[in-house]
Amino acid sequence: MERRSFLKASAALGCAATVTGCKTSSDDVNVIPPKPPVEEQQTWSACLVNCGSNCPVKVFSQDGVITRVEADNETTDEYGVNHQIRACVRGRSLRQRTYAPDRLKTPMKRVGKRGEGKFVPISWDEAASTIASELQRIASEYGNKSILKLYGTGAYYGFSSSSCFNRILNLNGGFLNIYGNYSWAQQNEAASATGFGSTSGSNLLSLKDSDLFIGLGYNPSEMRQSGSGEGYDYLKAIEQNSELEVIMIDPRYTDSMTGKEDTWYPIRPGTDAALAEGIAYEMISSGWVDANSKDFLTKHCVGYDKASLEALKTEFENSGDDSKLEYVPYITPEDNYEDYILGQGKFVNEGPRTPSWAAKICGISEANIKELASKIMNARAPFIITGAGVNRHANGEQAMRSCYMLSFLTGKVGQPGVSNGALPGQRSLSRSGMSGLTNPIKEQISFFTFPDAIERGHEMTARKDGIRNTADLDTPLGNDLKAIFAINSNALVNQHSDSNGAAKILEDDTKCELIVSCDCWMTPSAKFADILLPDTSWLESNDLVNDSYASGIMGYLVAMKAAVDPLWECKSMYDMCALIAEKMGKLEEYTEGKDEAQWLAELYEKTRTNGNNANSIPPLPATYEEAQEQGVFRAFNDTPSIALESYINGTSTLRTPSGKIELFSLSMALKGAQWEFDDKVKGDYISGLPMYQATWEGYDDDETSDEYPFQLVGYHTKGRTHSSYHNVPWIREAVEDAVWMNPKDANAKGFTQGTEVHVWSKRGTIKLPVRITPRVAPGVLALGQGAWYEPDPAGNIGPSGHIVDIGGCINTLTRYQPSPLAKGNPQHTNRVQIAKA
Ligand SMILES: Nc1nc2c(c(=O)[nH]1)N[C@H]1C(S)=C(S)[C@@H](COP(=O)(O)OP(=O)(O)OC[C@H]3O[C@@H](n4cnc5c(=O)[nH]c(N)nc54)[C@H](O)[C@@H]3O)O[C@H]1N2
Ligand SMILES: Nc1nc2c(c(=O)[nH]1)N[C@H]1C(S)=C(S)[C@@H](COP(=O)(O)OP(=O)(O)OC[C@H]3O[C@@H](n4cnc5c(=O)[nH]c(N)nc54)[C@H](O)[C@@H]3O)O[C@H]1N2
Ligand code: SF4
Ligand SMILES: [Mo]
């Protein structure tokens, strides 16, 4: 399109020049006057990836072609007053992304083997008819529970997949639900079992009252890059508090450090629980907890000591309340935190969790662990955040719970400048959305377990697989998955674990019979579609979007206006789903008599007049068209919020079974006893008490350590949001995709900077260059996630025995092993080997 228009435009110019040049007389009627130059237009759009912000961008276009994209530069940029919402490099590259050569231009159907990537263009009419008839066939042959809308977060639309596609799937009788997500699966379970939400920490404004900040796997400068998001708030908070000491604990020296920290402690991946226990030992064995926080632990928590659990057990036994009696057999007072940490009572054979014990596991020295403990004990207001990097591990549930314990041991939670260990609280503005209609299907699988649901959905149960909303623990889901809708999702193969394994299951079209993908680009997952639906990009869309979920103290709305008409034959999700609904004979139910513009006007009006939290919405003009002219609407929230403050001061209650903060979790003890775990999977267990234990492919997993001596940790890189923006050449140049390795390890291997290497695990081999840097701990390799999976077309086999992934996707190496409680993704737990390619 760009080239075509460019050619059209240059042809017109050429003609004008010739005509002017040939002009012989002023009254020559055949002469075409030169076309007046078309003025550059500016409209507002936004970057809607899942990075926690939705930055607005200014889009300039001329004669139907996007010419450039700029970040927000509208205000005087005073922090906390009107600061700019500057897009990061990714948002600024949206022009390249929109015109990327691999844009999907027409609907297509698969012609080759599934996954091979061979397609032919089809009409929208054929695409819509096929999907409508296949949906009806599959629902009647296998039941609606065999249809799944896959997890997918590529586009945080107002008109999102969760409304348009949910509407058509619900009009077809419903679909299998998913619970959880790749971001926070394990930590959500860990936090709610303890008594709070995993993003319910004190907000970053309240860091002003703190004197000690500890971030475990917390990297806001790389994973919240918006000029007005959490990353910027964090920078401002540490800049404005000269008293604050900042300690960062991460296997990598991240951009959140680079001189902004006082101390970096490199830690071995997956060992934070051991570190936390070493610190806890110092705090307890020194008598500090007894002297300083015992009252807090007794009053607000349960499970610190034996007496608290004995008292709870008696209370529950005498309650006469079935919902409490259910827990009684699983309240085991001998499993208390104090005895466990000190290695006494039931834990006498295991020994105490001393700093020297912890140091051997986590790689932080005994002296440093003692120093960390003394800093926490001496701090007036310790503010601890455990980032989601810690949760994305084998038994990340236990790791998160172990880290949360530290905040409670201080006895200061609820006070200004103190947090509970969770991610910092955020506020977003809400905008009204379109309903996805009601889904009559109640059963849910974990988002992560779709490969199991394809292969053995019929036998999956709550007890073994965490299926929710079945009649009881042993009632099976009852059917296999037969249709998958991957809507703005690259989680079929690229973002899911064990890409080779997932590809193998999906390749067999007798198992899952229909895969529909709605995307803008030919991604590794799109290649597995039977029908491909080309979506309009953001720069071609009209929509009303909010600030997403980690935009910090500033909330905002963006009234997007299409800079250009839909390119090629792309259609908006609203319009493509209307076509499918029409073929299903449900057009009226789908549209409710409105086109997209009418829906938008109505949703805008609802947002303007009675949005869910109307008070926080800034004043908006009367019509959507007027709003589009202004583009961005900001609203600040400058109130510090303190985690668990209202619970501690007695004005709210907690939703744990005991109603208290549960150091010993009753719900986890119950599930630990009732659910079934796999003995062959090391670390696959749930217990009431958070405990560090070796897991499969962890640091101290001797089964894999000889063959795969390195731990490989993934991270969210500046070069992409997940897999989004991978196909933008500017960004591939700006942020290198290479595996990080410590100089000590690289020397031992004889690598030099940029050596092409194979990295392999039991599941596959990738090929990429090595980046030798002291920014990663010895024994650990680090790799940004989200590169596009690309099995070598030449078919070369790597040391793992699989075709080498020359795309360098980390999920070629990760293991598909649902975590014990959340059934979530342990994608940062990997053991690998590395050699020159
Ligand atoms: N190894 C490893 N794997 C991980 C992670 C990790 O840390 N390590 N992180 C996990 C996490 S936290 C998450 S949230 C998931 C994210 O996984 P996904 O939700 O799959 O996110 P993306 O990779 O951004 O891809 C979304 C898809 O949306 C498409 N898309 C973008 N814009 C549009 C649009 O406007 N319309 C349509 N229709 N499609 C669009 C993109 O092209 C892409 O194919 O990945 C998980 N995978
Ligand atoms: N640029 C960019 N920003 C993003 C995204 C992106 O893909 N790119 N994705 C977005 C999404 S959906 C999400 S969920 C968030 C993810 O945000 P996070 O989950 O916070 O991101 P990660 O990079 O996986 O992990 C954060 C840090 O934890 C460290 N880490 C890993 N394992 C361990 C461990 O065992 N112990 C300790 N102490 N540290 C560990 C990593 O080295 C990393 O520096 O980011 C969001 N923002
Ligand atoms: S990737 Fe995130 S920070 Fe960057 S422009 Fe997009 S929304 Fe903003
Ligand atoms: Mo995520």
Side-chain angles (χ1 to χ4, degrees), residues 107-119 122 127 130-152 161 165-166 168-170 172-180 182 439 441 443-460 465 467 476-519 522-533 580 789 791 811 816 818 823 825:
M108 293 197 275
K109 71 175 177 196
R110 166 170 74 91
V111 286
K113 194 178 155 217
R114 190 180 282 149
E116 211 177 21
K118 287 193 185 141
F119 296 92
I122 52 171
T130 311
I131 292 171
S133 63
E134 278 294 276
L135 263 179
Q136 284 160 348
R137 175 186 71 81
I138 289 171
S140 72
E141 230 169 277
Y142 303 105
N144 286 74
K145 276 189 299 180
S146 66
I147 300 168
L148 180 84
K149 188 154 87 40
L150 194 70
Y151 173 94
S161 57
F165 276 91
N166 284 17
I168 57 164
L169 294 178
N170 283 331
N172 187 54
F175 59 99
L176 184 63
N177 295 284
I178 55 172
Y179 66 84
Y182 285 90
N439 185 355
I441 304 294
E443 288 87 344
Q444 301 180 331
I445 62 168
S446 151
F447 69 96
F448 189 54
T449 58
F450 71 88
D452 277 324
I454 294 174
E455 300 243 77
R456 52 175 195 89
H458 60 277
E459 60 171 47
M460 288 170 82
D465 309 288
I467 304 290
L477 180 60
N479 54 268
D480 300 341
L481 271 188
K482 291 293 176 186
I484 295 183
F485 281 68
I487 314 301
N488 53 258
S489 171
N490 202 353
L492 271 178
V493 288
N494 211 81
Q495 296 306 108
H496 188 66
S497 293
D498 188 8
S499 301
N500 286 329
K504 194 150 188 276
I505 294 170
L506 295 167
E507 264 161 28
D508 182 347
D509 59 11
T510 63
K511 290 180 177 166
C512 181
E513 297 176 7
L514 173 71
I515 299 180
V516 175
S517 170
C518 170
D519 210 296
M522 185 58 90
T523 66
S525 293
K527 286 187 181 160
F528 282 78
D530 300 316
I531 302 281
L532 268 170
L533 303 174
I580 301 168
Y789 171 73
N811 284 320
Y816 171 65
K823 307 299 176 198
N825 47 318

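Every value quoted in this text rests on a predicted model; they were computed, and no experiment measured them. Reckoned from all heavy atoms, side chains included, excluding hydrogens, waters and symmetry mates.
Under the 4.5 Å side-chain criterion, counting only non-hydrogen atoms from C-beta, Ile441 is not in contact with Ile147. The shortest side-chain heavy-atom distance between Phe175 and Asn170 falls under the 4.5 Å cut-off. For the pair Ile122/Ile531, a side-chain contact is recorded, criterion being any heavy-atom separation below 4.5 Å from C-beta on. In this structure, Asn811 and His496 have side chains that are not in contact, with every pair of non-hydrogen atoms separated by 4.5 Å or more. You'll find the side chain of Glu513 reaches within 4.5 Å of the side chain of Arg137, heavy atoms only. Using a 4.5 Å heavy-atom threshold, the side chains of Ile445 and Lys823 count as separate. In this structure the side chain of Ile484 reaches within 4.5 angstrom of the side chain of Ile454, judged on heavy atoms. A 4.5 Å side-chain heavy-atom check between Leu135 and Phe485 finds at least one atom pair inside the cut-off.
Heavy atoms only, all atoms of each residue included: Asp465 and Met460 are closest at OD2-CA, 3.1 Å. Minimum heavy-atom separation, Phe119 to Ala529: CE2-O, 3.4 Å. Here the closest non-hydrogen pair linking Leu492 and Phe450 is O-CZ, 3.6 Å. Between Leu150 and Ile178, the closest heavy-atom pair is C-CD1, 4.4 Å. Here the closest heavy-atom approach between residue Gly174 and residue Asn439 is recorded as CA-OD1, 3.2 Å. The two atoms that bring Ala483 and Ile138 nearest to each other are CB-CD1, 3.9 Å, heavy atoms only.
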Practice prompt. Could you go through the side-chain contact (heavy atoms from CB on, under 4.5 Å) check for Asp509 and Phe528 one step at a time?
Written response: CA-CA 10 Å; Asp509 59 11; Phe528 282 78; over 6 Å; no
Fill in: Steps toward side chain to side chain donor-acceptor pair (under 3.5 Å) verdict (Asn494, Ser525)
CA-CA 6 Å; Asn494 211 81; Ser525 293; over 6 Å; no
Worksheet item: Could you go step by step and tell me if Tyr151 and Phe448 meet the ring-ring contact (aromatic ring centres under 6.0 Å, His included) rule?
Response: CA-CA 8 Å; Tyr151 173 94; Phe448 189 54; over 10 Å; no
Practice prompt. I would like to know whether Tyr142 and Asp480 meet side chain to side chain donor-acceptor pair (under 3.5 Å); could you show each step before the answer?
Written response: CA-CA 8 Å; Tyr142 303 105; Asp480 300 341; over 6 Å; no
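Formation of a donor-acceptor pair under 3.5 Å by the Ser517 side chain with backbone atoms of Leu532 is not found in this model. Under a 3.5 Å cut-off, the side chain of Asn490 and the backbone N or O of Gln495 do not form any donor-acceptor pair. Distance alone, capped at 3.5 Å, places no donor-acceptor pair between the Arg114 side chain and the Asp530 backbone. Remark: side-chain polar atoms of Asn479 are paired, donor with acceptor, to backbone N or O of Lys145 under 3.5 angstrom.
The distance from the OG1 atom of Thr449 to the CG atom of Leu477 is 9.0 Å, given to the nearest 0.5 Å. The CG atom of Leu481 sits 5.0 Å away from the CG atom of Leu148 when rounded to the nearest 0.5 Å. Taking CD of Glu116 as the reference point, atom NZ of Lys527 lies at 11.0 Å (rounded to 0.5 Å). Summarising the geometry, atom CG belonging to Asn166 is positioned 4.0 Å from atom NZ belonging to Lys149; distances are rounded to the nearest 0.5 Å. Rounding to the nearest 0.5 Å places CG of Asn172 at 11.5 Å from CD of Glu134.
Atom NZ of Lys511 has more than 12 neighbouring heavy atoms from other residues, nucleotides or ligands inside a 6.0 Å radius.
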